[in-house]
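Encoded as C-alpha cells, the structure appears first; notes follow it.
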Amino acid sequence: MISLTEENYLKAIFHLRNTDNTVTINELSKFLDVKMPSVNNMMKKFAQKNWVIYETYKPVKITAEGNKEAALIVRKHRLTEMFLVEKMNFGWENVHEIAEQLEHLHSDLFFDKIDEILNYPKFDPHGEPIPDKEGNIIALDLKKLSECKKDDEVVFTSVTHSDDDFLSYLTSKNLELGTTLKIFDIENYDQSFTILKTDGSKTVLSKIVCDKILVK
C-alpha cells in the first residue's frame with residue numbers, strides 16, 4: 001500500500017514534470033517544502049519501485065509506471081472535487097482542501113462509485129482533465145488569456161491555479177467555465193485586459209489574473 005507521504009510526492013511529480021517526463025530534486029524540494037536530502041532518499045525508494053529513474057545530480061526521469069501511479073492519485077482528487085460541486089453544492093473555491101484529505105483513501109471501489117454517480121466526467125470543476133482508471137489523461141490545447149489579442153473571442157476553459165482566493169475572485173467577477181469572452185481592450189501600460197462577456201458586461205482583469213486563466 002502506498003503511504004500518504006509517497007502519494008504527496010507522486011502528486012507533486014504529476015504537477016511538476018516537464019514535457020520530457022523529468023523533474024529536478026530542487027523543484028520537488030521547493031514544491032513540497034522538504035529538504036533536498038529527504039527528497040533524494042524518497043526518489044531512491046521510488047527508483048526501487050520502478051516509478052522513477054534516479055541518478056545523482058541529474059533530473060529524475062518518471063517511468064510509465066510512475067506516471068500511472070501519480071495520475072491515479074490526481075484522479076481521486078479531481079473526482080472528489082467534482083462530486084463535492086455537483087452533488088453536494090460546494091463552491092468550486094471550497095473543495096480543494098477536502099479533496100486533499102479524501103484522495104488518500106485506499107478504496108478503488110469508493111472512487112469508481114463516485115465516477116459512476118457523476119456519469120464518468122472528463123473534467124473537474126476547474127476544467128482540468130480527470131485521468132481514467134488506467135491513468136490516461138486528455139491532452140488539452142489551451143492558451144493563457146494573457147496570450148490573446150484584442151478582438152479575439154475565446155471560451156474560458158480552465159485555470160492554472162485553483163487556490164481558494166483566486167477562485168473566489170473569479171466568482172466575484174461572475175466568471176465561470178464555459179463563458180465566452182471577447183477581448184475588448186488591452187491596456188499598454190500594465191497589460192490589463194478589458195473583457196466583454198456574453199451578457200454585454202465588461203470586466204477589467206490584471207495580467208496576473210489573465211496568466212492564470214486558460215482559454216480555447
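Hydrogens, waters and symmetry mates play no part in the numbers below; they use all other heavy atoms, side chains included. Quantities reported herein were computed from a predicted structural model and do not represent experimental measurements.
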Please check if any side-chain donor atom of [X] sits under 3.5 Å from a side-chain acceptor atom of [Y], or the reverse.
{"X": "Glu7", "Y": "His106", "answer": "yes"}
{"X": "Asp199", "Y": "Ser201", "answer": "yes"}
{"X": "Tyr120", "Y": "Asp132", "answer": "no"}

- [ ] Any chance you could lay out the salt bridge (Lys or Arg N to Asp or Glu O under 4.0 Å) test for Arg75 and Asp108, step after step, and finish with the verdict?
- [x] CA-CA 11 Å; Arg75 167 181 166 80; Asp108 291 339; over 6 Å; no
Open item on the list: For Phe123 and Leu177: C-alpha separation, side-chain torsions, deciding distance, then whether side chain to side chain contact (heavy atoms under 4.5 Å, CB included) applies.
Closed with: CA-CA 11 Å; Phe123 301 93; Leu177 297 185; over 6 Å; no
TODO: Return the set of residues passing salt bridge (Lys or Arg N to Asp or Glu O under 4.0 Å) with Glu153 (not counting sequence neighbours), or none when no residue passes.
DONE: none
What are the two closest heavy atoms between [X] and [Y], and how far apart are they?
{"X": "Ser192", "Y": "Ser206", "result": "CB-CA, 4.2 Å"}
{"X": "Ile13", "Y": "Leu28", "result": "CG1-CD2, 4.0 Å"}
{"X": "Leu79", "Y": "Pro121", "result": "CD2-CG, 4.1 Å"}
{"X": "Leu140", "Y": "Gly127", "result": "CD1-O, 3.9 Å"}
{"X": "Asn94", "Y": "Ile98", "result": "O-CD1, 3.8 Å"}

Task: Residues that Phe31 engages under ring-ring contact (aromatic ring centres under 6.0 Å, His included), provided they are two or more places apart - done: none
Give a yes or no on whether [X] atom [atom1] has more than 12 heavy-atom contacts from other residues, nucleotides or ligands under 6.0 Å away.
{"X": "Lys207", "atom1": "NZ", "value": "no"}
{"X": "Ile117", "atom1": "CD1", "value": "yes"}
{"X": "Phe184", "atom1": "CZ", "value": "no"}

Open item on the list: Does Lys76 form a side chain to side chain contact (heavy atoms under 4.5 Å, CB included) with Leu72? I'd like the steps, not just the answer.
Closed with: CA-CA 6 Å; Lys76 293 191 291 183; Leu72 292 179; over 6 Å; no
Task: Candidate pair Glu69 and Lys49, rule salt bridge (Lys or Arg N to Asp or Glu O under 4.0 Å), full reasoning - done: CA-CA 11 Å; Glu69 292 293 344; Lys49 296 187 176 188; over 6 Å; no
- [ ] Applying side-chain contact (heavy atoms from CB on, under 4.5 Å) between Phe83 and each of Met88, Arg78, Lys113, report the one that passes.
- [x] Met88
Open item on the list: With side-chain hydrogen bond (donor to acceptor under 3.5 Å, both in side chains) as the rule and sequence neighbours excluded, what pairs involving residues 156-183 come up?
Closed with: Trp92-Thr171
